[in-house]
Amino acid sequence: MEKVILVTGANSGIGLALCERLLCEDSRLQLCLACRNMQRAEAARSALLTSHPDAHIDLLHLDVGSVRSVLHAAHKVKARYNRLDYLYLNAGIMPNPQIDIKAFFKGLFSSNVVKMFATAEGLLTQQDRVNKDGLQEVFATNLFGHFVLVRELDSILCQAGQTSRVVWTSSSNARRSAFSLEDVQHRLGTEPYASSKYASDLISLALNRHNNSQGLYSSVICPGLVMTNLTYGILPSFFWTLIMPIMYLIRIFTNTFTLTPYNGAGALHSLFLKKPESLDPRAKYHSLTSGMGSNYTQPRQMDIDDDMSEALYVKLLEMEKAARKRLKEEDDNKQAYKKYLNQTE
Ligand SMILES: NC(=O)C1=CN([C@@H]2O[C@H](COP(=O)(O)OP(=O)(O)OC[C@H]3O[C@@H](n4cnc5c(N)ncnc54)[C@H](OP(=O)(O)O)[C@@H]3O)[C@@H](O)[C@H]2O)C=CC1
Ligand SMILES: CC(C)CCC[C@@H](C)[C@H]1CC[C@H]2C3=C(CC[C@]12C)[C@@]1(C)CCC(=O)C[C@@H]1CC3
């Protein structure tokens, strides 16, 4: 049977470019585009089918920021497929980003300028909000929903005699100092994005510790700076177009300016080709692009440790348990109310 691959946030940007690259690699793959907006998902499927008319592409409704939707989607996946070879955890948000202009100009004339362009450290803040599950939206979308999805799919990910892969789209913006075990959702800070991406680095390490023996391998990638809907939310698209020559110039000094979704998906694609046993669980695989435009992948060690990753893993398990309990209570209440209405009719 052909490999089954599920990609979250597959209807645009890096996720869509990954699907295109995977189909170029092997057009017989069974691709499942897991998206919250079915109209955009249909458009993505049509675009992929234009270049790969015989491709097997399914759509799945998944709002990764809602625990109920994650559980429902996982149920559907298990009913549809009896195996899952690759699970790309790519959906992500950066709501209401703000650039600190003063810090930008200060950084421009400092020795840290290359690092600033590569990681955006000290430049970006976001305004988060609480979602329907009572969780911080950035944490829920970028990390927790994906964590629950992996856990819920473990019966088709961890099968005897076969290996499966989970790949997180993290970021160079992930930073230890933006994350705290006492505030894993980043309720109190102004860098929920950096915190959520650092948390994904930690969780990937924990998943390897807990699941390698069952044949499940987790990896983390960074796509570099890519022009997508996410970056068009930071600065308007006309501004990016205006400064594009400067961006190509900066690329000579920092190979992290991958710029196109195709180049950004390079590391995701290269992990597809690598044997799981050859992967380094402590490395982040970076999509890079040289000044001359050649696209390559390079592993770089992450600033993570086992104790912290285990502590976060335990916290997420507790939060998952609480979320499941809350949903069950909601369902029970609904059932009881329906019964009451039936009796009073
Ligand atoms: N662009 C960049 O420079 C970088 C991006 N990244 C990461 O790459 C990943 C892909 O982002 P990118 O392609 O740039 O941006 P896009 O905005 O183009 O893609 C994000 C995708 O995630 C989906 N998504 C967002 N929220 C949810 C949700 N609740 N449920 C399901 N899907 C959701 C979006 O769907 P919809 O269309 O419905 O919004 C979209 O398909 C993200 O994780 C991002 O953090 C990391 C480093 C740099
Ligand atoms: C004159 C221009 C080149 C000025 C651009 C400055 C900033 C807008 C960008 C410099 C570094 C960028 C960056 C990101 C967003 C845009 C910058 C802050 C990301 C945070 C986007 C999302 C990520 O996950 C990582 C990126 C790191 C670099």
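If you read the sequence from its start, that first residue is 1, and numbering goes on from there.
Taking each heavy atom of Leu87 and Leu157 in turn, the nearest pair found is CD2-CD1, 4.0 Å. Looking at every heavy atom in both residues, Pro97 comes nearest to Gly233 through CG-O, 3.3 Å. Closest of all the heavy-atom pairs between Val220 and Ser170 is CG1-CB, 3.3 Å.
Heavy-atom neighbours of Lys78 NZ from other residues, nucleotides or ligands within 6.0 Å: above the threshold of 12. Within a 6.0 Å sphere centred on NZ of Lys106, other residues, nucleotides and ligands contribute 12 heavy atoms or fewer. The number of heavy-atom neighbours closer than 6.0 Å to OH of Tyr232, taken from other residues, nucleotides and ligands shown, is above 12. Atom CD of Gln127 is surrounded by 12 or fewer heavy atoms from other residues, nucleotides or ligands within 6.0 Å. Dense packing is recorded around NE2 of His52, with more than 12 heavy atoms of other residues, nucleotides or ligands lying under 6.0 Å away. More than 12 heavy-atom neighbours from other residues, nucleotides or ligands sit within 6.0 angstrom of CD on Gln301.
Pairs engaging residues 4-35 under the ring pair (Phe, Tyr, Trp, His ring centres under 6.0 Å) rule: none recorded [sequence neighbours left out]. Pairs of residues two or more places apart, or lying in two chains, that qualify as ring pair (Phe, Tyr, Trp, His ring centres under 6.0 Å) and include a residue from residues 292-321 are Phe147-Tyr313, His210-Tyr313. Sorted by first and then second residue, the pairs that involve residues 258-279 and meet ring pair (Phe, Tyr, Trp, His ring centres under 6.0 Å), not counting sequence neighbours, are Tyr86-Phe272.
A donor-acceptor contact shorter than 3.5 Å links the side chain of Arg165 to the backbone of Leu271. Without hydrogens or angle criteria, His146 side chain to Trp168 main chain gives no donor-acceptor distance under 3.5 Å. Side-chain atoms of Thr258 come within 3.5 Å of backbone atoms of Leu225 as a donor-acceptor pair (strictly under, hydrogens ignored). The main-chain N or O of Leu288 is found under 3.5 Å from a side-chain atom of Asn295 such that the two form a donor-acceptor pair. A side-chain donor-acceptor contact under 3.5 Å links Asn208 to the backbone of Ser204. With hydrogens and angles disregarded, a donor-acceptor distance shorter than 3.5 Å links the side chain of Gln126 to the backbone of Tyr193. Proximity of a side-chain donor or acceptor of Thr141 to a complementary backbone N or O of Glu137 within less than 3.5 Å is detected. Within the 3.5 Å criterion, the main-chain N or O of Gly293 finds no donor-acceptor partner in the side chain of Thr289. Side-chain N or O atoms of Ser196 include none that pairs as donor or acceptor with a backbone N or O of Phe139 at under 3.5 Å.
Side chains of Thr297 and His286 form no contact here, defined as non-hydrogen atoms less than 4.5 Å apart. Looking at heavy atoms from C-beta onward, Cys19 lies in side-chain contact with Leu33 at the 4.5 angstrom threshold. By the 4.5 Å heavy-atom criterion applied to side chains, Arg187 and Asp128 are not counted as neighbours. Looking only at side-chain heavy atoms (C-beta outward), Pro95 and Val138 come within less than 4.5 Å of each other.
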Given salt bridge (Lys or Arg N to Asp or Glu O under 4.0 Å), test Arg176 with Asp305 step by step and report yes or no. CA-CA 10 Å; Arg176 191 185 192 114; Asp305 66 64; 2.6 Å; yes
Can Asp201 and Lys197 be said to form a salt bridge (Lys or Arg N to Asp or Glu O under 4.0 Å), step by step? CA-CA 6 Å; Asp201 299 351; Lys197 294 296 179 181; over 6 Å; no
Salt bridge (Lys or Arg N to Asp or Glu O under 4.0 Å) for Arg21 and Glu25? Distances and angles first, verdict last. CA-CA 6 Å; Arg21 288 186 75 151; Glu25 194 62 51; over 6 Å; no
Pair Arg282, Asp306 - check salt bridge (Lys or Arg N to Asp or Glu O under 4.0 Å), show working. CA-CA 10 Å; Arg282 292 179 173 279; Asp306 286 315; 2.7 Å; yes
Using distance only, find each side-chain donor-acceptor pair of residues 55-65 under 3.5 Å and give its atom names and separation, not counting sequence neighbours.
{"unit_1": "Asp58", "atom_1": "OD2", "unit_2": "Gln30", "atom_2": "NE2", "d": "2.9"}
{"unit_1": "Asp58", "atom_1": "OD2", "unit_2": "Tyr81", "atom_2": "OH", "d": "2.5"}
{"unit_1": "His61", "atom_1": "NE2", "unit_2": "Arg36", "atom_2": "O", "d": "3.1"}
{"unit_1": "Asp63", "atom_1": "OD1", "unit_2": "Gly65", "atom_2": "N", "d": "2.9"}

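When the ring-ring contact (aromatic ring centres under 6.0 Å, His included) test is applied to Phe179, the partners found at least two apart in sequence or on another chain are Tyr198. Scanning for ring-ring contact (aromatic ring centres under 6.0 Å, His included) contacts around Tyr285 gives an empty result, with sequence neighbours left out.
Residues Glu20 and Ser51 have side chains that bring a donor and an acceptor to within less than 3.5 angstrom of each other. Side-chain contact of Ser177 with Arg175: a donor-acceptor pair under 3.5 Å is present, judged by distance alone. Asp154 and Gln214 share no donor-acceptor pair across their side chains, judged by distance under 3.5 Å alone.
Each of Leu6, Leu22, Val166 was evaluated against Tyr88; a single residue qualifies, Leu22, per the side-chain contact (heavy atoms from CB on, under 4.5 Å) test.
Taken to the nearest 0.5 Å, the CG atom of Leu16 stands 9.0 Å off from the CG atom of Leu18. To the nearest 0.5 angstrom, Leu84 atom CG is 4.5 Å from Ile156 atom CD1.
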